Amino acid sequence: MYDQLKGFRDFYPGEQSARREVTDTIEAAAKRYGFREVATPALERTQMYTDKSGEGIVEELYSFTDQGGRDVALTPELTPTVARMVVAKGQELSKPIKWVSTRPFWRYEQVQQGRFREFYQTNIDVFGSAEPEADAEVLAVAADALTSLGLTGDDFEFRVSHRDVLGGLVRALAADPDAVDTADAIRAVDKRAKIDEAEYLTLLEEAGLDRTTAREFDDLIVGVDGVDDLDAVAEAGGEDVEAAVENLRAVLAAADDFGAGEYCDVSLTTARGLDYYTGVVFECFDSTGEVSRSVFGGGRYDDLIESFGGQPTPAVGVAPGHATLKLLCQRAGVWPDETLETDYYVLSVGDTRAEAARIARDLRALGHVVEADLADRGFGGQLGYADSINAETTVIVGEQDLANDEVTIKEMASGDQTTAPVAEFPPEAGRPTYDDYA
RNA sequence: UCCGGGUUGGGGUAGUGGUUAUCCUUCAGCCUUGUGGAGGCUGAGACGCGGGUUCGAUUCUCGCACCCGGACCCA
């Protein structure tokens, strides 16, 4: 026996069928909005990540030198790759570009609940539109995906914020706007919920706000509990903040029209740790608070494509991670059933293989899941196996049945059985069961 | 990287410094080439890995691996 690698998981048929269902549901929601599926490599040049995030990032990567001497890394996220793809096509792609992709990613980090070293995400991104409708559509797709999974507004909420509101407010309040580090201030906001007040205020001070201003800033962002409360923030800030507030309002108004309004709350204490976010940012939280960390997040990253050498291209996206999503679904009681299902088991006994195989093939041609004996089991053994795969109906093709030009149709749940003429089974269409012949 | 808790057949467990490691379940076969989810019989299958202490270690001890939480981090 070999040990598994820490943070890497195997998925057996039961769990995988549930994961497949969830993945398909999320992707189907995105595809209804016209998001097109893309597929991307598992390896990229390490430099693509170090350029953006510094050399320190290497410690978080699975990186190595390949046989040709290239420094490469397993992709820790999709955004740089899709940015590279957009840049590579130049003007060729019509805007807005709307892409969806579900894939594993790899990060060398500590394993915790809902966090693994190999993890799956569905990335949903829009490139080439700075309009609030683009942000709102991303929110709407995310909400649509979650509700398609059976979740409701009682289960989750999107906390929507805006980096330029936060950054602009910090600069507007500061005694010396040029002395403040808005990125640091935003990072402090991002940590607000996890640290105590003194630490938080210290971080804001280090970002360039004096103690009094820091409190004033915090009072302002905490005071926002709804769209109407944004007025006070707009007043306190300058023109930049007013514009950002206007943008945030526009996004929320569009989200309302797009059907996602009921899931969105304004929350300026949400910031996202990532430096490349530029405008609207949001995080999805478990409403019950049982999933302690954010389920997933997203936001606008208008400068990234340009920084990759492309035309200035605004972008906004969201990336639900499937591990935390599973926790959310399980706590809401909507995680798909992990038991396997089989439509038909075709039981062959005696010298009936040819006829049994014909029936199995015909049933499969109708689109059903059909199993037959591969292990040379006896009658009882085959029924036991049919049980173990949760067969709904067993079609008994025995010598006695065929002697009467019949097959026996058995409903496994009840044990009831009847016969059907072998020449007419299965019919041209449909999903024949015991009830059709009883 | 750090802290806490774990690891005994496939799953769940009992137990012990010393004979053939307990029980339930599972799986396979048989009773049963014509009826499964009941029963009976037979069989398969485990002390995570390595070092130390010891006459002897699954048991005590140390290290490592992996698992479950948590801190840090979270692109």
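Heavy atoms only: backbone and side chains are in, while hydrogens, waters and symmetry mates are out. If you're wondering where the values come from, they're calculated on a predicted model, not measured in any experiment. So you know, we letter chains A, B, ... as the sequences are listed, proteins then strands, and number each from 1.
Interatomic distance, A:Ser294 OG to A:Phe285 CZ, rounded to the nearest 0.5 Å: 5.0 Å. One distance of note links CD of A:Gln47 with CZ of A:Arg70; it measures 14.0 Å at 0.5 Å rounding. Here CG of A:Asp416 is found 11.5 Å from OG1 of A:Thr433. Values are rounded to the nearest 0.5 Å.
Nearest to the side chain of A:Arg115, among B:rG36, B:rC72, B:rG34, sits B:rC72. Comparing B:rA28, B:rC68, B:rC72 by their closest approach to the side chain of A:Phe116 singles out B:rC68. Comparing atom distances between the A:Leu61 side chain and each of B:rA75, B:rG37, B:rG70 picks out B:rA75 as nearest. For A:Gln112, taking side-chain heavy atoms from C-beta onward, the closest of the listed nucleotides B:rG70, B:rG29, B:rU33 is B:rG70. The side chain of A:Tyr276 has B:rA75 as its nearest neighbour among B:rG70, B:rA75, B:rU35. Nearest to the side-chain atoms of A:Pro76 among the listed nucleotides B:rA75, B:rG34, B:rG70 stands B:rA75. Closest to the A:Lys191 side chain, of the nucleotides B:rC66, B:rC73, B:rG34, is B:rC73. Closest to the side chain of A:Arg107, from the set B:rG70, B:rA28, B:rC74, is B:rC74. Taking every side-chain heavy atom of A:Gln417 into account, B:rU35 is the closest of B:rU35, B:rA28, B:rC72. Listed candidates were B:rA75, B:rG69, B:rU35. Nearest to the side chain of A:Leu383 is B:rU35.
Between the CD atom of A:Glu109 and the C1' atom of B:rC74 there is a distance of 6 Å, given to the nearest Å. Taking atom CZ on A:Arg272 and atom P on B:rC73, their separation rounds to 15 Å, with Å as the unit. Nucleotide B:rG34 holds its C1' atom 14 Å from the OH atom of A:Tyr345, rounded to whole Å. For the pair A:Arg377 CZ and B:rC30 C1', the computed distance is 14 Å after rounding to whole Å. As a whole-Å value, the separation of A:Tyr62 OH from B:rC74 P is 18 Å. With rounding to whole Å, A:Gln382 atom CD is found 15 Å from B:rG29 atom C1'. If you measure from atom CG of A:Asp387 to atom C1' of B:rC27, you get 15 Å, rounded to the nearest angstrom. If you take CD of A:Gln47 and P of B:rA75, they are 22 Å apart, rounded to a whole angstrom.
Within the 3.5 Å criterion, the main-chain N or O of A:Met48 finds no donor-acceptor partner in the side chain of A:Asp51. The closest donor-acceptor contact from the side chain of A:Arg364 to the backbone of A:Val370 lies under 3.5 Å.
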Ring pair (Phe, Tyr, Trp, His ring centres under 6.0 Å) between A:Phe156 and A:Tyr263, worked out: CA-CA 7 Å; A:Phe156 69 92; A:Tyr263 310 107; 5.0 Å; yes

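Under 4.0 angstrom from either OP1 or OP2 of B:rC73 there lies no side-chain N or O belonging to A:Lys194.
One can find a donor-acceptor pair under 3.5 Å joining the base of B:rG34 and the side-chain atoms of A:Gln400.
Contact annotation for A:Gln4: backbone-only contact, meaning every heavy-atom pair under 4.0 Å involves sugar-phosphate atoms and none involves a base. A:Gly398 comes within contact range of at least one nucleobase, with a heavy-atom separation under 4.0 Å. Among the atoms of the strands shown, none is found under 4.0 Å from any heavy atom of A:Leu347. Residue A:Gly114 is classed as having no contact, given no heavy-atom separation below 4.0 Å to the nucleic acid. Using a 4.0 Å heavy-atom cutoff across all strands shown, A:Ala319 reaches no nucleic acid atom at all. Heavy atoms of A:Glu399 sit under 4.0 angstrom from at least one base atom. Heavy atoms of A:Arg187 sit nowhere under 4.0 angstrom from any nucleic acid atom.
One P atom belongs to B:rC27, the other to B:rG11, and the distance between them is 14 Å to the nearest Å. Taking atom C1' in both B:rG63 and B:rU7, one finds a spacing of 16 Å when rounded to whole Å. Taking the C1' atoms as reference points, B:rG6 lies 12 Å from B:rG48, given to the whole Å. For the C1' atoms, the distance from B:rU8 to B:rG4 is 23 Å, rounded to whole Å. For the C1' atoms, the distance from B:rG9 to B:rC23 is 13 Å, rounded to whole Å. B:rC60 and B:rG15 have their P atoms separated by 13 Å, with the value rounded to a whole Å. Here, B:rC24 and B:rU42 have their P atoms 13 Å apart, quoted to the whole Å. On the P atoms, B:rG5 is 39 Å away from B:rA44, given to the nearest whole Å.
Taking a cutoff of 4.0 Å between a charged side-chain nitrogen and a carboxylate oxygen, A:Arg300 and A:Asp135 qualify as a salt bridge. We find that A:Asp436 and A:Arg431 are not joined by a salt bridge, their nearest charged nitrogen and carboxylate oxygen being 4.0 Å or further apart.
When each of A:Thr313, A:Thr79, A:Asp125, A:Thr278 is tested with A:Tyr301 by the rule side-chain hydrogen bond (donor to acceptor under 3.5 Å, both in side chains), just one qualifies, namely A:Asp125.
Figure legend: A:Arg117 and A:Tyr108 shown as a cation-pi pair, the cationic atom lying under 6.0 angstrom from the six-membered ring centre and within 45 degrees of its axis.
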Structure string for RNA chain B in dot-bracket form, Watson-Crick and G-U at under 3.5 Å, | interchain: (((((((..(((.....[....)))((((((.......))))))...(((((..]....))))))))))))....

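Toward the 5' end of RNA chain B, the nearer of the two residues A:Tyr277 and A:Arg117, judged by each one's closest nucleotide, is A:Arg117. Nearest-nucleotide assignment on RNA chain B puts the 5′-proximal partner with A:Ser388, out of A:Ser388 and A:Gly381.
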